[in-house]
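The structure appears right after this line, and notes come after that.
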Protein chains: 2
Amino acid sequence: MKQITKHVIKNSLKRIFLYRASLVRLKMMGVEKVFSYTLANETGVTSDQVRKDFSEYNIKGNKRGGYDINDLLEKMENIFHLNKDHNIVLIGMGNMGLALSKYSKFVQHNMNVVATFDIDPFKQKMRSGIPVYSMSRLKEIIDRFRVKVAIIAVPEISAQEVADELIRHGIMGIVNFAPVLLKVPPDVIINNVNLCDELESVIYYVHKLMKVDGLKNIELLYRDMKY
Amino acid sequence: MKQITKHVIKNSLKRIFLYRASLVRLKMMGVEKVFSYTLANETGVTSDQVRKDFSEYNIKGNKRGGYDINDLLEKMENIFHLNKDHNIVLIGMGNMGLALSKYSKFVQHNMNVVATFDIDPFKQKMRSGIPVYSMSRLKEIIDRFRVKVAIIAVPEISAQEVADELIRHGIMGIVNFAPVLLKVPPDVIINNVNLCDELESVIYYVHKLMKVDGLKNIELLYRDMKY
DNA sequence: GATTTGATGTGAAACAAATCACAAAACACG
DNA sequence: CGTGTTTTGTGATTTGTTTCACATCAAATC
């Protein structure tokens, strides 16, 4: 049954990825051991939260001894499948798709975009190291590379159709850059990235803050007048 | 004082933008009136939540009469500043920056990237309708266009430096595509978009789901054996 | 080896968000 | 105009998340 599955990614998981990024950086700097408050400082949360998050995902350190960085990173890699290679397909080679296909961080994180797809045969001439195929070869590639996760970067008008096809061919998780809510079976993971919303949220909070600051200034003025 | 401000964008705000997108679509289809459950169906939430969200942002409809689409959209535009034009600057004209500079949805949502910047003078030859300046002209442009919000799409190594400069010149909100946590004063809004994390989250949940499904299958198998 | 110290890990408490449930309002219809 | 119906708007309740507090352990010190 197809429906809108509002699958929200837990904040605790997002924070875990923050911790990991910090750990990688600290390791490069030669640090070997961290404490919950080290990570807390690095990521702008409390040390309680770090420990609670680790607890949620069953990550354990050493009483009093903190966490050995290598040990911790290894544990995280196992739990979050970060060490294994992941084959990804990318659908839509417009501006955004092209940029994503060239995004070198994916490869550094063991996520390989093994192929990209586009309906427009002209796009298929463009290259970026990664082959661009027509949609007809989708199943073949997904099967051959055992792909489970896809990125949708097509115009909103065709996003649902593309999602349907991906799922029909065995895709189980989608990062969707098209500004539409995809209707999918409940056992398919959807993560929507809406660029306009990201900007509009910031604009809203900036305005809100300006209003508050404005009030503060008025208050200060008032106080100045009074005393 | 500079620090990591973990400014999380409320889920209720994200949902509001979903509602709005649905409203725009419904309006285009000729619909004039909606009810909380209309929007609920469209966006995969409950009607309670729709009303509660509206309540949080002081959006009111008509008892029994539902919501007049035009009226509702207008209210939203006012509250979330969606009708006013917003001038944005974009720093970093690498692959991602280029794609963002060409992203037509921004303009459709009244967000104009008035200028882009890059340290590399060669990038400044490339065009996309939007001028590419060297960083030295940042202040001039920010002042002239009264820019309050910026997009950072530079490599992580220079992201902090760029953020500092933006804030020094009056930028109050940043959408940051570089995979680093920016240290900024507490009255600056930061919204981080980390593409690797978005993918890795999906990969994690897909694995988790596969494991659960695996268990389900084993259970079914067990039941089959038993009876 | 006993004692102090410093950090983890996790129940309990506080807080926040989502859901429930229903009073209040407005329209429909007799 | 009064009664029934429908949908909003929001307190009350439940559920989920974060913070607090401390027992527990391991290292350091005496």
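Note on naming: letters A, B, ... go to the chains in the order of the sequence lines (proteins, then strands), and numbering restarts at 1 for each one.
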- Could you tell me how the ring of A:Phe35 sits relative to the ring of A:Tyr37: parallel (under 30°), tilted (30 to 60°) or perpendicular (over 60°)? parallel
- Candidate nucleotides C:dT19, D:dA21, D:dT18, ranked by approach to the side chain of B:Thr46 - the nearest: C:dT19
- Query: Where the side chain of B:Lys63 is defined as all heavy atoms beyond and including C-beta, which of D:dT19, D:dC25, D:dG9 is the nearest nucleotide?
  - Reply: D:dG9
- Message: Heavy atoms from C-beta onward define the side chain here; which of C:dA18, D:dT19, D:dG9 lies closest to that of B:Lys60?
- Response: D:dG9
- B:Ser36 has its side chain closest, among C:dA18, C:dA7, D:dT8, to D:dT8
- Item | Name of the residue among A:Glu77, A:Glu42, A:Glu74 meeting salt bridge (charged side-chain N to carboxylate O under 4.0 Å, His left out) with A:Arg20 | A:Glu77
- Task: Assess whether one donor atom and one acceptor atom, taken from the side chain of A:Arg64 and the base of C:dA7, lie less than 3.5 Å apart.
- Result: no
- Query: Got a donor-acceptor pair under 3.5 Å from the side chain of B:Lys52 to the base of D:dG11?
  - Reply: yes
- When the distance from CG of B:Asp68 to P of C:dA26 is rounded to whole Å, what number comes out? 16 Å
- Could you check how far CG of B:Asn11 sits from C1' of C:dA16, rounded to whole Å? 12 Å
- Task: Starting from P on C:dA17, measure out to NZ on A:Lys10 and report it in whole angstrom.
- Result: 16 Å
- Could you tell me the separation between the CG atom of A:Asp48 and the P atom of C:dA12, rounded to a whole number of Å? 17 Å
- Query: Counting side-chain heavy atoms from C-beta on, which of D:dG9, C:dA7, C:dT10 comes nearest to A:Ser55?
  - Reply: C:dT10
- Query: Whole Å only: how far is the CG atom of A:Asp53 from the C1' atom of C:dT8?
  - Reply: 14 Å
- Is B:Phe54 touching bases, backbone alone, or none of the nucleic acid, heavy atoms closer than 4.0 Å? nothing
- Message: How many whole angstroms separate atom CD of A:Gln49 from atom P of C:dT10?
- Response: 16 Å
- Query: If you look at every strand shown and take non-hydrogen atoms under 4.0 Å, does B:Gly61 touch a base, only sugar-phosphate, or nothing?
  - Reply: sugar-phosphate
- D:dA21, C:dG9, D:dT8: which one has an atom nearest the side-chain heavy atoms of B:Arg51? D:dT8
- Query: Without hydrogens or angle criteria, can the side chains of A:Asp53 and A:Tyr19 be said to hold a donor-acceptor pair below 3.5 Å?
  - Reply: yes
- Message: Over 60° means perpendicular and under 30° means parallel, so tell me whether B:His86 and B:His81 are parallel, tilted or perpendicular.
- Response: perpendicular
- Task: Could you tell me the separation between the NZ atom of A:Lys33 and the C1' atom of D:dA26, rounded to a whole number of Å?
- Result: 11 Å
- If we ignore angles and hydrogens, is there a donor and acceptor under 3.5 Å between the side chains of B:Ser12 and B:Tyr57? yes
- Task: Quick one: label B:Gly66 by what it contacts on the DNA or RNA (base, sugar-phosphate, nothing), any heavy atom closer than 4.0 Å.
- Result: sugar-phosphate
- Taking atom P of D:dT17 as reference, at what distance in whole Å does atom CD of A:Glu56 sit? 7 Å
- Would one find a side-chain N or O of A:Tyr57 under 4.0 angstrom from OP1 or OP2 of C:dG9? no
